[in-house]
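Written below as structure tokens is the structure these notes are about.
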Amino acid sequence: MPPTLATLVQHSALRLSVLAGHDRLDVPVRWAHASELADPTPYMDGGELILFTGLKLDAADPEAMHAYVDKLVGKDVVGLGFAAGVNYEGVPKALTDACESAGLPLLEVPRRTPFIAISKAVSAAIAAEQYRAVTAGFDAQREMTRAALSREGPAALLARLASQVDGWAALYDASGAVVATAPSWAVRRASRFIGDAVRLRDRPTPASALVSESDSGDDRVELQSVGSGRRAKAVLAVGTAAPLGTAERYAVHSAIALLTLTTERSRALQEAEQRLGAAVLKMLLVGEGDHARAVSGQLYGGLLDAPMRVIVAEPASGAAVRVAQESVLATHAARTRTGSASQSGSASKSGSAAWTGSAAPAPESGSTIDQSGAAVGSRPGAASGSRGGSASRQSPGPGSASSSGSGSGDESRATAGVVVGSGSGPQTDPADGGAPGRAVWPLEELSDAMETAAARNGEAVLVVPDGARLVVLASDGGAAVAACGEFAATNPLAQPGRRGSGAGEEGLAIGVSAPIGLPAAAVAFKQADQALSVARRRGVPLVEHEDVAAGSVLPLLADDAVRAFADGLLRALREHDANGRGDLVASLRAWLSRHGQWDAAAAELGVHRHTLRYRMRRVEEILGRSLDDPDVRMELWLALKATS
């Protein structure tokens, strides 16, 4: 506790006596200051004990004393000490009455007690309180560090924090969901502030907000962002009955630091996990599932042991893919020009962690994994693996060297970054107010949604950004796959169409494989890639491989090259019909639709079957192909459907 008037009165060496305000001695004293000014309030901050002798004041004048005391009370001075036996034999009654009337504590300071002794006593008490607060903060930090390293992790840390602040604590994930509370009854209380947590998450870190005041009848609730990047990884809420003291504030700051360490990883560790994720995917795609399991160890939990799905996502339009590839090239070129980043992951001279990750340009949208295990054509931080769905991805902007060594997460502004939205044109990052910044990739929104869902449900997920596409391995029937489906169905970024003036076509194309075991991972990848192609052709955000066979092949014919082939194949027949020498196209369609049954087809056309036979011979003569060939019949039928 800070020093109070009561502790000063109880100090045996000071020998102070209370003459007024006996019921207000528990007020904290921020400082003790001697002043003989008639009005010292311009130099006061509030919370001071004023010491004076009445040298320049008529302490016996009731009117003067009332005016003097009223000024002190108006400035939140907590007490007044009068030195008896200096300019007055005792304490004037006018001063005592004025203090009693205003409720201001008045202390009599004996002649043998110098003012400096009182100031030293206050200073020593304040220093002792600060030392106790710092010591308590260090003790709390040690306890919370042990809790954070325990099996319970953040939950145990929150329990320690709630005990330290004598209140409750809650942790929200990046989506705003409550993931842990302490004590357990606080979950309903914490749910009231989900909206506030989401708003704080969208502010640049570090950020804090006071969302509930104790004087409103509820507890006092503070929100603190957790994370060192551009966007908070989590939000911490602390509820107390009163404002936090110094020791409690130390405890909260320690908790934020520890939670940040649990959600953020070092650049070197990120690079290692990125390369490991890409290498594991490469081994799976070449059929080396056992090696992939051995290399990954426990990093991906049971992901590789249970039925899983492969998900492949790309910008829906070819123009968007090309822009994404060009952005990779621009990033790589800018990094090469400035020389401001190191692929080795070494720290920069300023102490910041240097840019790491593969930035080799991709020759085409379907880039694969190279022999080193890095994603060819991948964006900075190309491969990210996540045990709990909380994979970290680095995306410095073109030419940006590193994130700040202070841990603020501010990115370098050396050159303008681009946002490759789901559409075909680069945009400024709206989260940075349109200012040039780091490159933000469109599929990050989808990746974040899947990883957040996986983390919330304790699932493992492997995410590998690969050039202009995203490859994900997720548990069949798990939260990550469900989040992908929900994103495709509800998020505007995933929907096909056009966004804004000159923005071009936007939308995502996502292919999902059938559930498959580890040995058939390469097959699952092909299935997902095929489903993605179908999604792009159909103009829908997501297609599962099981739906491809259940659907019709006809939407696959909606392609300019297919239509051109069909028009060329049927052109001679249409020219023949245009000259009025028969209805060969309609006759061919009827004959093929009736599976070559002459009577049924002739009846549909309203002609004699011999007439239909003549027309089919003319079709063969004009095309120079036999209708007995099943391939010819198939091509003609598809040509008719493509041009109908």
Side-chain angles (χ1 to χ4, degrees), residues 277-278 280-293 296 300-316 365-369 375 383 385-386 389 443 446-447 449-451 453-454 457-467 469-491 494 496 507-558:
V280 168
L281 179 61
K282 173 195 172 184
M283 286 185 281
L284 291 175
L285 297 186
V286 296
E288 297 180 359
D290 292 338
H291 289 146
R293 184 188 287 108
S296 61
Y300 305 117
L303 175 63
L304 304 184
D305 298 321
M308 60 184 176
R309 290 180 183 259
V310 175
I311 300 172
V312 180
E314 283 183 355
S365 63
S367 59
T368 57
I369 308 299
S386 171
L443 298 175
L446 173 60
S447 177
M450 297 180 65
E451 289 175 346
N457 289 271
E459 296 178 5
V461 62
L462 174 59
V463 179
V464 182
D466 179 23
R469 58 169 45 189
L470 186 73
V471 182
V472 181
L473 270 67
S475 299
D476 177 42
V481 176
C484 178
E486 181 179 359
F487 185 92
T490 62
N491 194 297
L508 289 181
I510 305 171
V512 182
S513 75
I516 207 158
L518 185 65
V523 175
F525 181 83
K526 292 180 180 179
Q527 290 180 352
D529 201 39
Q530 293 167 352
L532 180 144
S533 298
V534 174
R536 180 178 289 111
R537 290 178 179 273
R538 292 182 181 177
V540 296
L542 183 145
V543 169
E544 295 187 15
H545 186 265
E546 297 99 316
D547 298 335
V548 174
S552 171
V553 73
L554 297 180
L556 301 179
L557 304 179

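This one's a predicted model, so the numbers in the text were calculated from it and none came from an experiment.
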**Prompt:** Quick one: side-chain hydrogen bond (donor to acceptor under 3.5 Å, both in side chains) pairs with a partner in residues 470-485, sequence neighbours left out?
**Reply:** R309-D476
**Complete:** Interatomic distance, CG@D529 vs CD@E314, rounded to 0.5 Å, equals 7.0 Å
**Request:** Kindly indicate whether the side chain of F525, heavy atoms from C-beta on, has any atom under 4.5 Å from the side chain of V471.
**Result:** yes
**Request:** Check whether any side-chain heavy atom of M450 sits under 4.5 Å from a side-chain heavy atom of I311, and report yes or no.
**Result:** yes
**Prompt:** So do the side chains of Q527 and V310 get within less than 4.5 Å of each other, counting heavy atoms only?
**Reply:** no
**Message:** In the structure I gave you, are the side-chain heavy atoms of H291 and V286 within less than 4.5 Å of one another anywhere?
**Reply:** no
**Request:** Grab the two heavy atoms, one from A483 and one from A453, that are nearest each other, plus how far apart they are.
**Result:** CB-CB, 3.6 Å
**Item:** Distance, nearest 0.5 Å, that separates CG of L462 from CE of M308
**Value:** 9.0 Å
**Asked** Just how far is it from atom CD1 of I510 to atom SG of C484, taken to the nearest 0.5 Å?
**Response** 4.5 Å
**Message:** Testing the basics here: between A474 and V461, what is the closest heavy-atom pair and its distance to 0.1 Å?
**Reply:** CB-CG2, 4.2 Å
**Prompt:** Are L473 and L284 close enough that some pair of their side-chain heavy atoms sits under 4.5 Å apart?
**Reply:** yes
**Prompt:** Just how far is it from atom CZ of R536 to atom CG of L508, taken to the nearest 0.5 Å?
**Reply:** 10.5 Å
**Which atom of L542 lies closest to which atom of G485, heavy atoms considered** = CD1-CA, 4.3 Å
**Message:** Working to the nearest 0.5 angstrom, can you tell me the gap between Q530 CD and S513 OG?
**Reply:** 10.5 Å
